[in-house]
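A short write-up of the structure that comes next.
Fair warning: this is a prediction, and the values are worked out from it, not measured in the lab.
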Amino acid sequence: MKKRWILQTKPGDFRGIAERYGISPVTARCMVNRGICGEEEMDTYLKGGLEKLHSPWLFADMDQAVQIIMEHKTGCGAIASDFDCDGIFSAYILKKGFETCGIESQIFTPDRIEEGYGLNRRIVDEAVAEKAAFLITCDNGIAALEEVRYAREQGLSVIVTDHHEVQKELPEADAVVDPKREDCFYPFKGLCGAGVAFQLISALYEKMGISLEKREELLEYVAIATVADVMELQGENRVLVKAGLRKLVGTRNVGLRALLDVQGLSGRDIKAYHIGFVLGPCFNAAGRINTVEKAFALLKETDSGKALELAEELKEINETRKQMTEEATREAFELLEQGGKTEKSVYILHLPGCHESLVGIVAGRIKEVYHHPVIVFTSVGEGLVKGSGRSIESYHMFEGLMACSDLMVRFGGHRMAAGMTLRLEDLPELERRLNENAQLRTEDFLPVLDIDVPLPVGHVSEKLIADLEVLEPFGCGNPKPVFAEQHFRILRAARRGKRANVLTMKVANEAGTTIDAICFDDIDGFEKLVCQEWGAEELERLYAGKENAVDLGLAYYPSVNEYGGFRTLQIVVTDFCRIRRKTDIAALDAEEKEKRAGR
């Protein structure tokens with residue numbers, strides 16, 4: 001997909017910053033481009049530890065929540081969790097924290113297919129039957145008004161811990177700990193459910209005189225949940241994930257060690273990427289297409305042999321999920337293109353046979369290709385459809401759905417994603433209203449690629465690559481730096497991989513510097529651009545390693561390729577374009593920057 005290249009031009013004393021922190025001016029500029037400007041912010045970003053976390057007592061109702069737990073510490077707590085990665089690890093953090101405090105607890109989860117998301121009456125009834133003294137939700141509960149009311153009617157003290165947006169009113173719980181509350185003065189609003197649970201346990205440890213160092217045992221679980229739930233890796237999330245990744249490398253959890261082993265990650269430096277694309281999906285898949293109990297069983301297992309069996313099982317479940325997702329995605333693209341829906345601002349698709357746990361993934365795939373807000377629905381019986389949506393930066397999906405709340409049986413979410421249930425007969429009306437009220441412009445559907453530095457590849461070195469690592473962990477809200485240079489000749493190229501979805505190249509810039517390049521995204525788009533601009537014959541010459549007329553601008557990230565005992569520099573290509581005039585990249589996007597500044 002074509003992207004708008006915009007050079008970041010945030011001002012800063014890059015040489016001064018570089019000298020102060022022992023980093024390169026290029027790395028300093030990348031940091032400033034991410035909005036890290038003041039000395040305190042830079043200290044936190046580069047060196048921040050748990051001491052940079054805000055006091056958990058700043059949360060609204062944290063006093064009440066801890067008091068309720070203390071009053072019932074001789075009883076049993078019921079933890080009402082959810083079936084996604086954040087729900088799994090939120091619950092596990094609470095359970096492990098309660099164990100440290102000598103408090104018994106039991107985890108209860110909804111059945112995704114039969115019951116759907118969040119707290120329900122069956123969970124409440126089972127908690128009462130187990131003689132629970134209090135019920136605490138995690139990663140859910142903020143929208144469970146009736147269920148919370150029912151739980152209190154059954155004599156349970158109820159604590160809601162959540163991170164989702166508050167809808168019309170707060171649930172009538174004894175305590176509601178959610179940074180999204182309007183009257184919550186906790187400064188950082190971007191925690192996931194596991195982050196909120198971690199802070200509650202921190203407050204509980206402090207109240208009970210337990211060393212706060214003990215909470216470090218929980219950091220790896222917070223890190224997995226934060227990355228897997230695609231939270232922005234800024235502020236406290238960055239602190240938690242950095243610390244959690246260090247813990248994860250040497251984890252004492254037998255189940256996690258087994259999963260690292262079966263995924264070929266044992267002994268390796270674990271990055272946020274590995275959580276987002278390898279570990280997290282295994283836990284999510286258990287809750288999506290099997291049973292979330294498999295995930296909890298792995299985390300609780302202490303026998304290494306049994307843990308390996310469970311880890312293999314979770315890996316297989318995820319492979320099945322991948323195959324089901326590919327089939328549903330193909331169907332979605334066919335429906336979208338054949339149904340004439342690509343002319344609309346907000347895409348609404350109904351896939352009656354799609355497994356309901358996959359609709360969000362399918363929506364995300366479509367959004368990545370078309371860069372439109374997308375909601376994918378599937379039929380769930382009794383005339384109802386269940387959907388999951390993924391949005392773009394310029395469209396607040398939760399607010400859009402709030403304006404249609406009269407159509408919803410239930411819904412929840414935030415700016416970039418949402419889940420909902422409604423009647424099938426109301427789907428056309430939802431589509432009409434969302435599109436009528438979207439107020440999106442043509443340029444909103446063209447994704448932006450922010451360029452950090454126009455850097456000639458002659459400046460790429462192992463020292464620079466090592467220096468850039470201080471900016472990790474990379475992910476949502478803290479992307480990998482993107483560099484760019486104009487006018488590359490393609491000396492040779494080849495499509496590789498089982499599905500021919502990897503493009504390898506040898507390229508040369510105008511100064512004559514050659515370097516290996518690899519591209520994992522939109523290879524078909526690359527070929528289409530070459531054919532459109534220079535002709536099919538030039539594409540053939542390019543693949544034949546012959547001299548050709550192709551002249552491309554490349555956006556890239558530098559890396560080291562290790563193969564056969566050798567280390568070679570390469571660039572990972574993020575995007576490509578034709579630059580028709582010899583000018584600095586900054587001039588290409590001057591008009592676009594003005595538009596963004598005035599938005």
Side-chain angles (χ1 to χ4, degrees), residues 76-99 103-132 134-144 146-148 150-151 154 156 158-164 171 173 192-194 196-198 200-201 218 221-222 224-225 228-229 253 255-256 259 280-301 310 313-314 317-318 321 355-358 360 380 386 388 410 412 419 421:
C76 179
I79 301 170
S81 178
D82 197 29
F83 36 65
D84 70 356
C85 209
D86 193 14
I88 291 166
F89 285 97
S90 300
Y92 196 68
I93 286 167
L94 290 177
K95 185 168 182 62
K96 292 289 289 183
F98 289 161
E99 284 177 4
I103 301 170
E104 292 185 15
S105 63
Q106 185 174 346
I107 298 171
F108 298 85
T109 58
D111 182 285
R112 181 163 203 149
I113 304 301
E114 298 298 325
E115 298 171 325
Y117 165 83
L119 182 65
N120 59 56
R121 287 194 170 211
R122 190 266 306 164
I123 289 176
V124 173
D125 291 340
E126 288 191 9
V128 171
E130 293 293 329
K131 298 186 172 21
F134 67 93
L135 183 145
I136 180 168
T137 72
C138 52
D139 190 35
N140 77 97
I142 200 67
E146 293 182 11
E147 292 80 4
V148 168
Y150 177 71
Q154 303 309 303
L156 289 170
V158 179
I159 302 166
V160 168
T161 75
D162 204 346
H163 72 115
H164 292 98
C192 67
V196 176
F198 177 83
L200 184 142
I201 293 300
L218 308 174
Y221 311 123
V222 185
I224 294 173
D229 213 39
N253 185 287
L256 285 181
L259 188 59
C282 290
F283 288 99
N284 272 326
R288 288 182 189 279
I289 64 172
N290 200 283
T291 169
V292 71
E293 294 305 323
K294 293 275 176 64
F296 283 119
L298 178 68
L299 291 173
K300 295 174 185 176
E301 186 55 64
L310 285 167
E313 193 170 351
L314 253 64
I317 291 170
N318 190 43
R321 190 272 309 165
H355 195 286
E356 68 178 63
S357 67
L358 303 180
V380 291
K386 186 176 288 188
S388 185
R410 66 188 301 177
T421 301

Shortest non-hydrogen contact from [X] to [Y]?
X	Y	value
Ala173	Val160	CB-CG2, 3.9 Å
Val148	Gly141	CG2-O, 4.3 Å
Val380	Lys386	CG1-CB, 3.7 Å
Asp82	Gly118	OD1-N, 3.5 Å
Cys76	Lys131	CB-O, 4.5 Å
Ala225	Ala194	CB-CB, 3.4 Å

Using side-chain heavy atoms (C-beta onward) and a distance below 4.5 Å, is [X] in contact with [Y]?
X	Y	value
Ile224	Leu256	yes
Ile142	Pro171	yes
Ser90	Thr161	no
Leu135	Leu119	yes
Glu147	Ile123	no
Phe108	Glu130	yes

Examine distances only and state if a side-chain atom of [X] and a backbone atom of [Y] form a donor-acceptor pair shorter than 3.5 Å.
X	Y	result
Arg410	Ala143	no
Asp139	Gly87	yes
Lys294	Leu310	no
Asn140	Tyr117	no
Asp229	Cys85	no

(Q) Which residue is it: Phe83, Phe89, Tyr221? I am looking for the one with a ring pair (Phe, Tyr, Trp, His ring centres under 6.0 Å) to Phe283. (A) Phe89
Q | Other residues, nucleotides, ligands: >12 heavy atoms within 6.0 Å of Glu104 CD | A | no
Q.
So for atom CD, which belongs to Glu146, do other residues, nucleotides or ligands contribute more than 12 heavy atoms lying within a distance under 6.0 Å?
A. no
How long is the straight-line distance from [atom2] of [Y] back to [atom1] of [X], given to the nearest 0.5 Å?
X	Y	atom1	atom2	answer
Cys192	His163	SG	NE2	6.0 Å
Arg121	Glu115	CZ	CD	13.0 Å
Glu313	Leu259	CD	CG	12.5 Å
Glu126	Gln106	CD	CD	8.0 Å
Leu299	Lys96	CG	NZ	9.5 Å
Ile159	Leu200	CD1	CG	6.5 Å

Q) For the side-chain contact (heavy atoms from CB on, under 4.5 Å) test, which of Ile88, Asp86, Ile79 pairs with Cys138? A) Ile79
Q) Taking only residues two or more places apart in sequence, or in another chain, which ones meet Asp162 in a side-chain hydrogen bond (donor to acceptor under 3.5 Å, both in side chains)? A) His164
**Q.** Residues that Ser357 engages under side chain to side chain contact (heavy atoms under 4.5 Å, CB included), provided they are two or more places apart
**A.** Arg112, Arg288, Ile289, His355
Q. Between Tyr150 and Asp125, is any side-chain donor less than 3.5 angstrom from a side-chain acceptor?
A. yes
